[in-house]
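Data first, discussion second: the structure below is written as structure tokens.
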Amino acid sequence: QAQLVESGGGLVQAGGSLRLSCAASGRTFSSYAMGWFRQAPGAEREFVGAINWSGSRSLYADSVKGRFTISRDNAKNTNYLQMTSLKPEDTAVYYCAAGSSSSGYENEYAYWGQGTQVTVSS
């Protein structure tokens, strides 16, 4: 059974950094685009960023551009979301997802993780 598991979330002060990991199991995701989304309390889930299958192309939401970086290691079936200069408004549950294209649309992604909480204190 294909599964995505996020890890690395936690509590960090504003201005700090965290790296989230998304480990895939049950199948090889090297041919899939990987995306990251987040959902803050009381808000809809929103797109954070995505990376194509080879890692040669990535895109980001304007709110995180220049602060967040997505990378992947296909040999480890894992991708990463490096977050720097964190702000309180980055507080959310972060989800990784796998899909056919590196887009910002949730319906492009067929597989989802359970999410990991990131809390940024001011």
Side-chain angles (χ1 to χ4, degrees):
Q1 182 177 353
Q3 189 175 18
L4 300 175
V5 178
E6 303 94 337
S7 62
L11 174 64
V12 63
Q13 289 189 330
S17 300
L18 277 177
R19 189 178 80 156
L20 306 183
S21 299
C22 174
S25 62
R27 68 173 299 156
T28 299
F29 283 89
S30 58
S31 62
Y32 284 75
M34 303 300 296
W36 285 89
F37 293 77
R38 67 185 182 186
Q39 187 168 23
E44 293 187 354
R45 190 157 57 186
E46 65 176 3
F47 173 72
V48 173
I51 189 167
N52 71 338
W53 69 274
S54 67
S56 63
R57 187 173 63 90
S58 57
L59 71 159
Y60 299 93
D62 287 344
S63 58
V64 307
K65 201 172 294 182
R67 299 188 299 121
F68 290 11
T69 303
I70 298 174
S71 61
R72 64 189 299 163
D73 185 340
N74 285 339
K76 295 182 178 179
N77 226 13
T78 301
N79 75 94
Y80 307 95
L81 177 65
Q82 178 69 49
M83 305 184 292
T84 63
S85 301
L86 283 161
K87 306 174 182 179
E89 51 264 43
D90 294 318
T91 295
V93 177
Y94 283 72
Y95 300 88
C96 76
S100 57
S101 65
S102 54
S103 82
Y105 299 101
E106 290 190 30
N107 59 8
E108 296 279 353
Y109 296 89
Y111 300 94
W112 289 82
Q114 83 290 346
T116 186
Q117 176 71 47
V118 172
T119 302
V120 184
S121 63
S122 57

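Between the CD atom in Q114 and the CG atom in L4 there is a gap of 9.0 Å [rounded to 0.5 Å]. Rounded to the nearest 0.5 angstrom, S63 OG and F68 CZ are separated by 7.5 Å.
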Output side-chain donor-acceptor pairs under 3.5 Å for residues 12-29, partner residues at least two apart or in another chain, one line each.
residue	atom	partner	partner atom	Å
R27	NH1	Y32	OH	3.4
R27	NH1	Y111	OH	2.9
R27	NH2	Y32	OH	3.2

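When atom types are taken as modelled, the side chain of E108 and the backbone of G99 share no donor-acceptor pair closer than 3.5 angstrom.
The stretch residues 75-85 participates, sequence neighbours left out, in these side chain to side chain donor-acceptor pair (under 3.5 Å) pairs: W36-N79. Note on residues 40-61: pairs passing ring pair (Phe, Tyr, Trp, His ring centres under 6.0 Å), not counting sequence neighbours, are F37-F47. The side chain to side chain donor-acceptor pair (under 3.5 Å) contacts involving residues 88-99 comprise R38-D90, R38-Y94, R67-D90, where partners must be two or more places apart or lie in separate chains.
The side chain to side chain donor-acceptor pair (under 3.5 Å) check on Q39 picks up nothing, with sequence neighbours excluded. Here A40 pairs with A43, A92 under the side-chain contact (heavy atoms from CB on, under 4.5 Å) rule; sequence neighbours left out. For the side chain to side chain donor-acceptor pair (under 3.5 Å) test, no residue two or more places apart in sequence or in another chain qualifies with S121. Partners of E106 according to the salt bridge (charged side-chain N to carboxylate O under 4.0 Å, His left out) rule, which considers only residues two or more places apart in sequence or in another chain, are R45. A search for side-chain contact (heavy atoms from CB on, under 4.5 Å) contacts involving S56 returns N52, S54, not counting sequence neighbours. A search for side chain to side chain donor-acceptor pair (under 3.5 Å) contacts involving S100 returns nothing, not counting sequence neighbours. Considering only residues two or more places apart in sequence or on other chains, K65 meets the side chain to side chain donor-acceptor pair (under 3.5 Å) condition with D62.
Under the 4.5 Å side-chain heavy-atom criterion for ILVMFWY residues, no single connected hydrophobic cluster contains both V48 and Y109. Side-chain heavy atoms closer than 4.5 Å link hydrophobic residues (I, L, V, M, F, W, Y) into clusters, and following such links, possibly through other members, connects V93 to W112.
Using a 4.5 Å cut-off between side-chain heavy atoms of Ile, Leu, Val, Met, Phe, Trp and Tyr, V5 forms no hydrophobic cluster with any other residue.
When all heavy atoms of A98 and M34 are compared, the closest pair comes out as CB-SD, 3.6 Å.
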